[in-house]
Amino acid sequence: MEYENTKSHSSERPVIYDNHGRPITYLRLAVTDRCNLRCFYCMPEEGVKYLAKSKVLSYEEMLRIVRVLSELGIRKVRITGGEPFVRNNIIHLMKEITELEGIEELNITTNGILTGKYIREMKEMGVKSINLSLDTLDKQRFFEITRRDEFDIVYKTLFQLIEAGFSVKVNAVVMDGKNTDDLIPLTELARHHPVSIRFIEEMPFNGEGSHYPTLHWNAKRIVETLRHQYPDLYKLEDEKNSTSYNYHIPGFKGNVGVIAAFTRSFCGTCNRIRMTAQGELKTCLYDDGVLSIRDLLRAGISDEELKTTFLNIFQKRAKDGFEAEARRSSSVTESMTTIGG
Ligand code: SAM
Ligand code: SF4
């Protein structure tokens, strides 16, 4: 069956387009809201109030959602959280997702603490790209940022992932007064290793609302700092739907990039939707959830009805993160650990 707003090309799979003509092909699936770190830009020190187990989507529910979305044209899934590996047997769900017809790519974003022991299984199931969050190369600073003394294991995991042949992206949130001295040491990782270092503008998703009136370290300032150190730095052509602006430094094995998550300059090509651990659908990082898919599943919705529901919602997508934020019923107060990044 062909739905409105989808186009299929003979044997090719359908593509869903939103009301702004953007194809929707990418799902970010938060599999838990729990985490073994307490990064201060993401969570308060005491943690966030975790969801009761019954409120979190089961693996069966997640798999059904991904299957239905894959039939509508979602091709790429990124597993995120909270920390994905703190949820029992997540590797099994990942394998099942890779076996769904239509899913061409499964990736994961992780903090690297429990990741090492799943390297072989992830290779075997065909995971290609791993985003590892690492904001500093200084052990003490790592402790101050994450409130946990786990630097050594994360650093070791970084090299294990590179050695195993994954395409590794290091995500580093740039925090005024905290880790701006790390911009150059982190970039230096890309001199000898084929990694992509991505500096992310800090967003107001720390579970407590924004803690700064303006962002002092925006993408522009980050790039200027890099250019000052590496005058030969040059911009690479943006990959389609990329949220990062990527640069290369001659002689380096890897690349460096910035993600303007706060200034939101990538919305025009946004191809992604998000599912929170409790089954809330977000069609923009900055919206406060547009529908509880969990409630629909638990009320007995059929696959066909679910498809129609998704398609209707994709026709009401905010044009950009500013419009999505303006439509919210509350100001931004949630933690990234529930959204998934
Ligand atoms: N726990 C995993 C991790 O840290 O990689 C996956 C979930 S985490 C919420 C996903 C990404 O969101 C991480 O790269 C993290 O650095 C980023 N993030 C969390 N809070 C953020 C904030 N306030 N501003 C910008 N990025 C943030
Ligand atoms: Fe945990 Fe990731 Fe949030 Fe850090 S950024 S507290 S590792 S969910």
Side-chain angles (χ1 to χ4, degrees), residues 28-51 77-87 90 94 107-115 118 129-136 141-151 153-154 157-158 161 166 168-176 178-179 182 186 195-212 215-219 222 243-244 257-264 266 272 274-277 282 285-286 321 325 332-341:
R28 297 178 66 101
L29 179 66
V31 293
T32 179
D33 61 331
R34 293 173 191 239
C35 190
N36 43 9
L37 291 184
R38 290 287 177 276
C39 304
F40 88 94
Y41 49 77
C42 179
M43 276 204 224
E45 183 153 19
E46 64 282 9
V48 289
K49 194 168 180 298
Y50 287 142
L51 296 164
V77 178
R78 177 170 292 278
I79 302 292
T80 177
E83 172 49 35
F85 288 111
V86 303
R87 185 152 177 189
I90 185 63
M94 289 170 67
N107 301 320
I108 187 162
T109 300
T110 172
N111 64 24
I113 294 177
L114 302 169
T115 317
Y118 299 104
S129 159
I130 298 191
N131 289 5
L132 183 77
S133 299
L134 179 61
D135 305 311
T136 177
R141 215 175 276 161
F142 182 95
F143 178 73
E144 284 161 19
I145 293 170
T146 67
R147 301 163 173 135
R148 297 288 184 272
D149 189 14
E150 302 279 10
F151 174 78
I153 180 77
V154 178
T157 302
L158 167 64
L161 293 173
F166 292 105
V168 180
K169 293 178 181 147
V170 171
N171 282 353
V173 178
V174 179
M175 296 156 270
D176 192 26
K178 278 270 196 283
N179 69 340
D182 277 287
L186 281 166
V195 285
S196 184
I197 313 297
R198 299 172 343 144
F199 295 111
I200 310 177
E201 287 179 347
E202 188 183 357
M203 292 179 277
F205 292 112
N206 62 350
E208 302 175 300
S210 176
H211 55 95
Y212 45 73
L215 184 73
H216 294 293
W217 279 85
N218 58 16
I222 295 168
T243 51
S244 58
V258 284
I259 302 184
F262 184 83
T263 43
R264 295 165 240 188
F266 45 66
R272 58 196 63 193
R274 293 176 160 79
M275 191 63 60
T276 70
K282 288 168 72 78
L285 174 59
Y286 281 86
E325 193 173 359
V332 178
T333 51
E334 70 262 59
S335 157
M336 195 66 101
T337 193
T338 55
I339 303 171

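Ligands are counted one by one from 1 in listed order, and the atoms in each one are counted from 1 as well. Residue numbers start at 1 and run along the sequence shown.
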Would you check if the side chain of [X] reaches a backbone N or O of [Y] as a donor-acceptor pair within less than 3.5 Å?
X: Y50; Y: C35; result: yes
X: N218; Y: E201; result: no
X: N179; Y: D135; result: yes
X: N111; Y: S133; result: no

Close-contact set for ligand 1 against N111 heavy atoms, below 4.0 Å: 2 (C), 3 (C), 5 (O)
Per-atom contacts, ligand 1 versus N171 - under 4.0 Å to a heavy atom: 14 (O)
NZ or CZ of K178 within 45° of Y41 ring axis and under 6.0 Å: no
For [atom], what's the nearest protein heavy-atom neighbour? Residue, atom name and distance, please.
atom: atom 21 (C) of ligand 1; result: Y41 CD1, 3.5 Å
atom: atom 24 (N) of ligand 1; result: M203 N, 2.8 Å
atom: atom 5 (O) of ligand 1; result: S133 OG, 2.5 Å
atom: atom 3 (Fe) of ligand 2; result: C42 SG, 2.4 Å
atom: atom 19 (C) of ligand 1; result: M336 CG, 3.2 Å

Derivation of the side chain to side chain contact (heavy atoms under 4.5 Å, CB included) call for E45 and R38: CA-CA 6 Å; E45 183 153 19; R38 290 287 177 276; 5.9 Å; no
Any idea which of [options] brings a heavy atom closest to [atom]?
atom: atom 17 (C) of ligand 1; options: D135, V86, V173; value: V173
atom: atom 7 (S) of ligand 2; options: N36, N111, D33; value: N111
atom: atom 4 (Fe) of ligand 2; options: C39, C35, S133, A30; value: C39
atom: atom 1 (N) of ligand 1; options: G81, G82, C35; value: G82

Approximate separation, where rounding is to 0.5 Å, of N171 CG and T110 OG1: 11.0 Å
Value rounded to 0.5 Å, distance of CD1 in I108 from CD1 in I130: 7.0 Å
Using distance alone, decide if ligand 1 has a nitrogen or oxygen within less than 3.5 Å of any nitrogen or oxygen in [X].
X: T80; result: no
X: E202; result: no
X: T109; result: no

Derivation and outcome, side-chain hydrogen bond (donor to acceptor under 3.5 Å, both in side chains), residues T32 and E83: CA-CA 7 Å; T32 179; E83 172 49 35; over 6 Å; no
Part of N131 with heavy atoms under 4.0 Å of ligand 1, whether side chain, backbone, both or neither: neither
Parallel, tilted or perpendicular: ring planes of F85 versus Y118, cut at 30 and 60 degrees: parallel
Atom indices of ligand 2 within 4.0 angstrom of G82 heavy atoms, with elements: 8 (S)
